[in-house]
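All remarks here apply to the structure that follows.
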Amino acid sequence: MKILVAVKRVVDFNVKVRVKADQSGVDLANVKMSMNPFDEIAIEEAVRLKEAGIATEVVVISAGPTQCQETLRTALAIGADRAILAETDAELQPLAVAKILKAVCEKEQPQLLIMGKQAIDDDSNQTGQMAAALLGWPQATFASKVVIANGEASVTREVDGGLETIALTLPAVVTTDLRLNEPRYATLPNIMKAKKKPLDVQPVAGMGIDVAPRLKTLKVAEPPKRSGGIKVADVAALVAKLKNEAKVI
Amino acid sequence: MATYTPPLREMQFVIHEVLNAGDAFKKMPSYAEVDVDTINQIMEEAGKFAAGVVLPLNRIGDTEGCTRNEDSSVTTPKGFKEAYQLYCESGWAALACDPEYDGQGLPQLLNTVLYEMLNSTNQAWAMYPGLSHGAYECLHEHGTPEQKKTYLKKLVSGEWTGTMCLTEPHCGTDLGMLKSKAEPKGDGTYSITGTKIFISSGDHDMAENIVHLVLARLPDAPQGTKGISLFAVPKFKPNADGSVGEGNAVSCGALEHKMGIHGNSTCVMNFDGSIGTLVGEPNRGLNAMFVMMNAARLGVGMQSLGLTEVAYQNSAAYAKERLQMRSLKGPKEPTKAADPIIVHPDVRRMLLTQRAYAEGARAFTYWVAFMIDTELNHPDAKEREAAGELVTLLTPIIKAFITDNAFTATNEGMQVFGGHGYIAEWGMEQFVRDARINMLYEGTNTIQSLDLLGRKVLGDKGAKLRKFGKIVEDFIAKEKRTKGMSEFLEPLADIAEKVSKLTKEVGMKALLNKEVVGAAAVPYLRVVGHLVYSYMFARMAKVALEKQNSGDPFYSAKLSTARFYFAKLFHETAYQIRAARSGVDSLMEMDASLF
Ligand SMILES: Cc1cc2nc3c(=O)[nH]c(=O)nc-3n(C[C@H](O)[C@H](O)[C@H](O)COP(=O)(O)OP(=O)(O)OC[C@H]3O[C@@H](n4cnc5c(N)ncnc54)[C@H](O)[C@@H]3O)c2cc1C
């Protein structure tokens, strides 16, 4: 069984991001970038399935600029077998990435497409769902346990009410939640081996896919500064404030 | 608790932009594959390991310490063993080792980067693999084929660790007085008897076997340092198949209670007729041991760089958050109850002192590590020799200058926290305590200074120093017309000339009175240390000037730090030069009985 893992290059989780002066977005110049932590979990899961003898090949894909190769090398060092970069400098929204993933899935024919449930930069939580819809595959989002047997995936999902376990026929899309596994540290020999693994760069321009953004960003702003709290006299006053001022109930 | 973010950008700046190591490695056949991407990826993953695995054990190690059990075995703090296992499984122990013994064959420079991170996150823990690597280097250079076969792969994988056993109760600096005995058994092995003290990582539960490199005397050995031999003494005798065999008569007699590095076991080691084999030639043990001691001296420099960096990171973060008093120019953050303390000039002095010492030490140690790579691997014999001479000259400066500075720096880091710095849970006082040992072991800083002035400089009539001076001179000549460089080149040229004068003066006076060397050595090393840092800061400034308009504020920060260095730290040289020149009389005139 082949597994395709999608990974995104994002601002490192340690970085305190700043909004650009013109409010067009977050300043990414000279900022440390890393693999989206949820995608690290996806890679780890795929590699574990390979080590367990369930998967035969783990292919990792990233869509974005040439620097994504670094992110792909990290995935190769964790244990993916080969990598694909769908290269473009254009802004990619979740739908565009989903279309790219669909095209790659059609070519690669994996039984499983795994990725993080969301990326920590824009927190969209859409790409996996859209890719499943475009491919017409079943999907299991927010996975905290994945078991593959007899052409089926049994996936435990973290839902609001607790845990839900569903069965999917393969091929399928799985998006990973934090508790699925704890990603390993790459070993030095594997880092060195990763250098020699195949990394195939395919320009998005040549894929015949319309990646034009469908959403326009009007403005990106810092969250308002937190102002000091106040004391309320009693529960009734609290409820009134929540209703009339905060408008949350 | 203290936090740590691997300073990857700072490291990359030195490696790629100042040293251009990737390009240079292309010319060294065994490193030809080590390109920029590889270097970056290894650094990134090493950083994850240090911050994720080693850092969380730092305070545990400090509070728990090591325990000696009834059977004289030693247990390390909780988590040390597991972290070490992961370290070995991840292949980090093998990084700069010979591929013939399963090493990764990567440059010393990368090992140096790894050790900076390990020491920032946990010096006490890092000493276990650190000493093993020193033992590896010593056996790799001086071991017999049999010893190499028995020990090298085990040390490379980290399955076994190593120690260096020099010190005895009555002798630390003066190894000539060493008493431990080695009797030939007639079968090519020796029976070692004696007591060694202060043996770092002497016993522990992190690895299945330990090989002690022990200095001892053969029965017919001459007195003094010319009668010392080196022996490899395993804790458990290895079987022919490489597995661990029966116990050897060597054990930990006691653990020392000490100021810092609590997580590292400092052992009294009793050798009671333990079986060992000779390393190198008889009576030439110190010569062989110097391989390990030189590696360890660079290692101690890295310990202090690591501590400087982590103290800086934590105090800089604290200074941006701690609100106390107002800026002298009026409120900077009027909506808050007070301004963050980073508005105060003297808080900035403390932060910048740490930062400048970290950046200076990083540029310096990475440059020397890169010289070691050149010495070992450059195809041109002349280049190899020149690099080797520089490493010899600079090693005592790495050991003493960086460790002195780190004690200052960690102390400033603690001071930034005010009273909270003195409270254990912030982690700042541990850095000060840990940093203090680095000025003592591996030859005290006084001994390093004597080594520099007496042996390395006056010993060859200043030849090696002049070669370093030529490098500085050439750099100045080349950059003299570069716009913006004069503010950095002027003090550099000035101190280079002063060092040359001071060396001549001390050398002349020493001909009349040998004690002059002893009186001048410590201030002399401080002055030469600043010459080296001036050179490093000028080189960094050159790169930063070229890129200051790139839009990346990193480069303007580099220039600011360099300016701070020359404005506030460099002038220590004026005082130290006067101290070095002021002779010996004021020290020696009082009769010892009056003390
Ligand atoms: C925590 C710890 C770990 C250690 N780990 C190891 C280890 O792993 N292996 C090992 O073999 N040793 C180890 N040591 C020992 C260490 O290297 C010695 O303590 C050190 O070399 C100094 O020796 P000493 O303590 O005997 O001091 P001494 O030699 O007695 O020196 C006392 C003072 O006299 C000064 N002095 C001595 N001679 C001169 C001179 N000629 N001119 C001017 N001043 C002089 C010294 O600088 C020092 O200030 C360790 C020590 C400690 C505390």
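Every chain is numbered from 1, with letters handed out A, B, ... down the list of sequences. All heavy atoms count here, side chains included; hydrogens, waters and symmetry mates do not.
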May I ask you to name which of B:Thr5, B:Leu86, B:Ile42, B:Asp37 has the most heavy-atom pairs under 4.5 Å with chain A? B:Ile42

How far apart are the C-alpha atoms of A:Arg73 and B:Glu45, what are their side-chain angles, what is the distance that settles it, and do they pass the salt bridge (Lys or Arg N to Asp or Glu O under 4.0 Å) test? CA-CA 11 Å; A:Arg73 290 278 173 219; B:Glu45 298 299 332; over 6 Å; no

Can you establish whether the number of heavy atoms outside A:Gln67 located under 6.0 Å from its atom CD is more than 12? yes

Is A:Lys145 atom NZ crowded by more than 12 heavy atoms from other residues, nucleotides or ligands, each under 6.0 Å away? no

Okay, B:Glu89 and chain A: the region with an atom under 4.5 Å from a heavy atom over there is backbone

In terms of heavy-atom proximity below 4.5 Å to chain A, should B:Leu106 be classed as side chain, backbone, both, or neither? side chain

Would you indicate whether the side-chain heavy atoms of B:Met540 and B:Thr561 approach each other to under 4.5 Å? no

Heavy-atom pair count under 4.5 Å with chain B, highest-scoring of A:Ala186, A:Ala77, A:Ser34: A:Ala186

